[in-house]
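Each remark here refers to the structure printed beneath this line.
Sequence lines set the chain letters: A, B, ... in the order given, protein chains first and strands last, and positions in each chain run from 1.
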2 protein chains.
Amino acid sequence: MDNRAVEKATNAISDKYRLGILQALAQKGCMTNTDVQELTGLSQPCVSHHVKLLTDSGLVEARKEGRNLHLRLNKEALHELTTFLNGLL
Amino acid sequence: MDNRAVEKATNAISDKYRLGILQALAQKGCMTNTDVQELTGLSQPCVSHHVKLLTDSGLVEARKEGRNLHLRLNKEALHELTTFLNGLL
DNA sequence: TCTAAACATTTAAAAGTTTGAATGTTTTTC
DNA sequence: GAAAAACATTCAAACTTTTAAATGTTTAGA
């Protein structure tokens with residue numbers, strides 16, 4: 001994982017709503033954008049935007065299932081991030 | 001470590017210059033603001049600002065030594081962060 | 001096929017961040 | 001004490017992010 005990827009991943013985490021989404025995914029395993037809308041209370045376009053940041057960062061994987069977008073944690077990416085950060089210790 | 005602390009810590013990391021500072025601290029052990037100025041090429045007020053973000057996040061500890069500000073990694077805080085993130089796995 | 005549901009995109013306003021010039025404070029050195 | 005070095009603070013400009021309204025696209029179901 002290079003510096004740019006770390007910057008993007010930590011940036012993705014550094015927001016109240018996005019961290020909440022990651023925690024919900026960690027707990028539930030899978031969610032759709034609509035679930036995220038209910039979770040956060042944000043507007044649909046705003047949820048789309050936050051989810052895009054998360055997927056662009058690599059921390060979340062999205063697959064289209066009919067008209068739903070199924071989201072799940074990318075545990076490998078998260079593990080790479082913690083490995084990088086532990087490397088600073 | 002609560003969510004707010006994670007948001008602040010990851011936000012602190014999510015910048016090119018601040019990540020560079022963290023890496024330099026990890027490597028060298030200790031630096032002053034002047035060292036950071038040389039490292040980054042940023043102006044002195046801008047360095048002051050970035051260093052403040054890092055210390056406010058808890059990831060960096062600063063102690064005033066005469067007219068110099070000695071910076072070092074707060075390894076415990078960094079460890080708490082990685083522990084939190086691993087908790088999502 | 002018509003309707004509705006789920007999500008994406010465009011746009012624009014509001015809020016927040018980054019940057020350096022100017023200036024202030026404290027500490028060291030001469 | 002005067003000069004300089006190290007850092008902090010204030011300020012304003014430039015830039016980025018966040019947000020939702022409006023609208024577009026695709027898919028599912030009647």
Can you name the nearest heavy-atom pair linking [X] to [Y], along with the distance?
| X | Y | result |
| --- | --- | --- |
| B/Asn33 | B/Val47 | O-CG1, 3.7 Å |
| A/Phe84 | A/Met1 | CD1-O, 3.6 Å |
| B/Glu7 | A/Ser14 | O-CB, 3.6 Å |
| B/Gly58 | B/Ala77 | O-CB, 3.3 Å |
| B/Ala9 | B/Ser57 | CA-CB, 4.0 Å |
| A/Leu25 | A/Val60 | CD1-CG2, 3.8 Å |

Tell me: [atom1] of [X] to [atom2] of [N], nearest whole Å?
| X | N | atom1 | atom2 | value |
| --- | --- | --- | --- | --- |
| B/Gln37 | D/dA5 | CD | C1' | 11 Å |
| A/Asp15 | C/dT17 | CG | C1' | 14 Å |
| B/Glu38 | D/dA6 | CD | C1' | 12 Å |
| B/Lys8 | C/dT17 | NZ | C1' | 15 Å |
| A/Leu69 | C/dT9 | CG | C1' | 15 Å |
| B/Asn68 | C/dT25 | CG | C1' | 15 Å |
| B/Tyr17 | D/dC15 | OH | P | 14 Å |
| B/Leu71 | D/dC7 | CG | C1' | 11 Å |

**OP:** State, yes or no, whether a side-chain contact exists between B/Leu22 and B/Leu54 at a heavy-atom distance under 4.5 Å.
**Re:**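 Sidechains of B/Leu54 and B/Leu22: in contact.
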**OP:** Answer yes or no: is there a side-chain heavy-atom contact under 4.5 Å between A/Asn11 and A/Arg18?
**Re:**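 Result yes, sub-4.5 Å side-chain heavy-atom pair found.
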Between the protein and nucleotides 28-30 of chain C, list every N/O to N/O distance that falls short of 3.5 Å.
none

Original post:
In this structure, are over 12 heavy atoms from other groups packed under 6.0 Å from B/His79 atom NE2?
Top reply: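 No, not enclosed.
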**OP:** Taking only the side-chain nitrogens and oxygens of A/Thr34, find out if one of them lies under 4.0 Å from OP1 or OP2 of C/dC7.
**Re:**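 For C/dC7, OP1/OP2 do have a side-chain N/O of A/Thr34 under 4.0 Å.
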Subject >> B/Asn33 vs D/dA5: side-chain N/O to OP1/OP2 distance below 4.0 Å >> reply: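 For D/dA5, neither OP1 nor OP2 has a side-chain N or O of B/Asn33 closer than 4.0 Å.
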Original post:
Using a heavy-atom distance cut-off of less than 4.0 Å, which residues of residues 44-55 of chain B contact DNA chain D?
Top reply: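 Those residues are B/Gln44, B/Pro45, B/Ser48.
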Original post:
If we fit an axis to the first five pairs and another to the last five of the helix from C/dT1-D/dA30 to C/dC30-D/dG1, what angle do they make, to the nearest 10°?
Top reply: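 So the angle between the two local helix axes works out to 20°.
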Subject >> Nearest-0.5 Å distance that lies between atom CG in A/Leu59 and atom CD in A/Glu80 >> reply: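 These two atoms lie 10.0 Å from each other.
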Original post:
Is there a donor-acceptor contact under 3.5 Å from the side chain of A/Asp15 to the main chain of A/Tyr17?
Top reply: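 Flag set: sc A/Asp15 to bb A/Tyr17 pair under 3.5 Å.
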